[in-house]
2 protein chains.
Amino acid sequence: MLDVRRLHLLRELDRRGTIAAVAEALTFTASAVSQQLSVLEREAGVPLLERSGRRVVLTPAGRTLVTHADAVLERLELAVSELAGAREGIGGPLRIGTFPSGGPAIVPATLAELAQRHPALEPMVQEIDSTRVSDGLRAGELDVALVHDYDFVPASPDTTVDQVPLLEEPMYLATGTAIDTDSARGTATRGDTLAELLGPWATTPWITARDGTTGHAMAVRACQAAGFQPRIRHQVNDFRTVLALAAIGQGAGFVPEMATARTPENVVLTRLPLFRRSKVAFRAGGGTHPAIAAFVAAARTAVGARGRTSSGSTKTSASSLKRE
Amino acid sequence: MLDVRRLHLLRELDRRGTIAAVAEALTFTASAVSQQLSVLEREAGVPLLERSGRRVVLTPAGRTLVTHADAVLERLELAVSELAGAREGIGGPLRIGTFPSGGPAIVPATLAELAQRHPALEPMVQEIDSTRVSDGLRAGELDVALVHDYDFVPASPDTTVDQVPLLEEPMYLATGTAIDTDSARGTATRGDTLAELLGPWATTPWITARDGTTGHAMAVRACQAAGFQPRIRHQVNDFRTVLALAAIGQGAGFVPEMATARTPENVVLTRLPLFRRSKVAFRAGGGTHPAIAAFVAAARTAVGARGRTSSGSTKTSASSLKRE
DNA sequence: GCTATACGTAAGCTCACCTTATGCTTGATG
DNA sequence: CATCAAGCATAAGGTGAGCTTACGTATAGC
């Protein structure tokens with residue numbers, strides 16, 4: 001019988017690219033990982049890896065084996081979730097990852113709700129880059145994470161992570177001065193397509209999120225969709241800073257509705273046909289875990305006051321799990 | 001992460017009933033199994049077993065965990081099957097279980113076909129009681145098995161074993177003397193319901209398969225369905241012996257069509273609306289293994305000459321595997 | 001060429017897991 | 001009721017799987 005621990009190593013190798021990275025993530029030495037993968041390959045009777053330069057890449061057989069590993073590990077995750085459900089009471093540590101802007105906005109309200117409902121739960125919050133959420137979940141550093149994606153920046157489908165939607169909010173264009181009086185009241189009246197709304201600011205300097213983030217990518221692609229290439233002057237993640245820069249005429253930027261609660265004077269907000277979706281992510285199969293279900297419920301309640309727009313649950317992975 | 005080896009032990013305990021039986025089947029000591037199950041229980045955080053007299057029984061949580069174990073092990077079996085498919089060539093040992101009457105009838109022709117197509121394959125045939133096939137497959141003592149079931153004796157659904165149909169053949173009533181001249185030619189003309197065909201022999205002594213076999217259960221239930229309780233005089237598994245006893249007036253018996261090729265004088269055969277279905281069974285998820293697929297194909301060819309009646313493939317388990 | 005990165009192999013150590021030994025409880029038997 | 005076997009659990013001890021450390025080799029960047 002194939003050893004699931006070795007399949008887990010193979011899966012991580014597929015995701016992370018090098019044996020050294022796998023070892024680092026799982027707190028082994030590279031040597032140990034290399035040895036275990038050798039054993040797996042011998043048991044399989046088929047080459048699973050081949051050297052490519054100074055790294056290794058998976059063979060086609062290795063990649064199909066990874067899909068089986070995904071399925072097996074998802075089912076094991078489901079099993080532990082059900083076991084946790086069979087234990088009465090919800091308690092113990094819950095490692096929560098959050099995107100930076102979720103820190104002030106969603107997390108405190110969610111934790112307050114959670115603490116009230118399940119006092120025995122010990123939430124541990126950690127800011128984490130959205131690109132590293134999947135790795136963190138799989139490595140067990142995180143149990144659940146707040147993530148988001150934007151239009152124009154589709155989340156890459158990842159069968160190892162399940163997501164439930166939490167909040168869908170429109171994005172606003174924040175500018176210091178209005179192009180004309182019609183749009184000065186923060187409501188677009190000249191037109192409502194992205195091109196019409198963004199077009200007037202084609203030559204303006206832009207304020208976007210830092211390079212490499214999804215917020216940055218969203219800004220660039222939205223401008224491209226509107227027909228121009230944004231001239232980026234400032235790269236700032238904190239939306240309050242974006243608003244402050246816009247207020248002093250340093251350029252135009254995108255902010256989600258949630259960040260518009262305290263908008264400085266001199267900033268004009270224009271609602272865009274462009275949305276940010278916040279979600280709760282967790283390991284595939286983990287949706288039935290009572291602590292995770294409780295977190296999702298608490299987060300929904302927390303953002304409910306701010307008006308959540310979508311309440312159903314979707315699933316990115318291909319399996320047939322259901323959750324309430 | 002739950003250890004799959006321990007889940008395997010739990011599954012076997014569910015199937016076999018005692019820790020001692022699990023240990024015996026997997027060639028461990030009972031102590032080792034007991035210790036591993038204790039560890040599993042501790043990891044699960046929920047009671048999985050409880051003593052019941054001098055045995056242990058699974059708790060509800062334990063039983064649901066077994067369903068997860070089934071799913072995981074099936075997926076692992078599918079993985080090894082695909083790996084075997086990735087290896088070129090079909091070879092190595094193939095442990096074949098067969099019901100006793102399959103010995104002379106199906107097995108030799110199948111092995112001949114198999115040897116011709118895949119010379120590197122090393123088939124190892126072993127007669128096995130149909131009630132022990134499932135255990136043998138799961139324990140790895142067998143890779144594939146010929147089994148059959150009868151009307152009135154539905155095979156208990158077993159999610160750990162997949163089956164593909166091989167042959168559906170009518171059963172015949174074998175008697176020494178005809179009740180009347182109409183049925184003396186071996187063809188029923190008085191009626192065609194089971195009650196009409198068997199009714200005249202209600203008071204005759206019967207020859208059935210040995211107690212505890214599916215053949216025996218089929219005989220008893222068929223007679224009950226016809227409205228009487230058979231008076232069983234002889235219990236013999238070998239159909240040639242059944243025919244020989246019927247020939248000398250020792251009673252009536254059931255034989256499948258396959259056994260009627262060499263029918264002695266003085267035996268009257270009456271075709272019954274009652275069927276025996278022969279199947280090939282293997283571990284759930286193993287249907288894509290090239291050696292098993294080759295065995296199925298060879299068996300189909302072997303029985304093809306005898307006129308197989310059903311050619312599709314069905315599946316008893318609930319998963320979504322497909323095979324050609 | 002020099003250096004850092006990445007992987008593989010050899011050697012040795014440690015702990016998980018198995019066996020043996022033993023005891024307790026249960027159920028069957030006379 | 002006494003006896004015995006079946007079944008499970010625990011304690012004690014041995015050993016091999018799997019880890020780390022150490023080192024060698026090949027590649028990519030400077």
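Atom set for the values below is all heavy atoms of this structure, side chains included, hydrogens, waters and symmetry mates excluded. To find a chain, count down the sequence lines: A is the first, B the second, and so on, and within it residues start at 1.
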Checklist entry - Excluding sequence neighbours, so at least two apart, what forms side chain to side chain donor-acceptor pair (under 3.5 Å) with B:R16? => result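 Side chain to side chain donor-acceptor pair (under 3.5 Å) list for B:R16, sorted by chain: B:E12.
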
Next on the checklist: Using a 4.0 Å cut-off to any heavy atom of chain B, which nucleotides of DNA chain C are the first and last in contact, reading 5' to 3'?
Outcome noted: C:dC17 to C:dG27

Decide whether [X] and [Y] meet the rule of one side-chain donor and one side-chain acceptor closer than 3.5 Å.
X      : Y      : value
B:R210 : B:Q235 : no
A:S81  : A:E77  : no
A:S134 : A:R138 : yes

Next on the checklist: Give the residues of residues 42-58 of chain B touching DNA chain C, defined as any heavy atom closer than 4.0 Å, sorted by residue number.
Outcome noted: B:G53, B:R54

Next on the checklist: Which residues in residues 11-25 of chain B have a heavy atom closer than 4.0 Å to any atom of DNA chain C?
Outcome noted: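 Nucleic-acid contacts, sorted: none.
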
Checklist outcome for this item: Axis-to-axis angle across the helix from C:dG1-D:dC30 to C:dG30-D:dC1, five pairs each end, nearest 10 degrees, ~ 30°

Checklist entry - Got B:Q126 and B:R95 here, is their nearest side-chain heavy-atom distance under 4.5 Å? => result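 Not in contact.
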
Checklist entry - Counting N and O atoms only, with roles assigned by atom type, does the side chain of A:E50 sit under 3.5 Å from a partner on the main chain of A:V57, one being a donor and the other an acceptor? => result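 Between the backbone of A:V57 and the side chain of A:E50 there is no qualifying donor-acceptor contact (under 3.5 Å).
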
Next on the checklist: Salt bridge or not between A:R15 and A:D70? Use side-chain N to carboxylate O under 4.0 Å.
Outcome noted: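 Counted as a salt bridge, because a side-chain N and a carboxylate O are separated by less than 4.0 Å.
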
Checklist entry - In the 5'-to-3' direction, what one-character label does each nucleotide of nucleotides 10-25 of chain D receive under the scheme B = base within less than 4.0 Å of a protein heavy atom, S = sugar-phosphate only, - = no such atom? => result BB------SBBB----

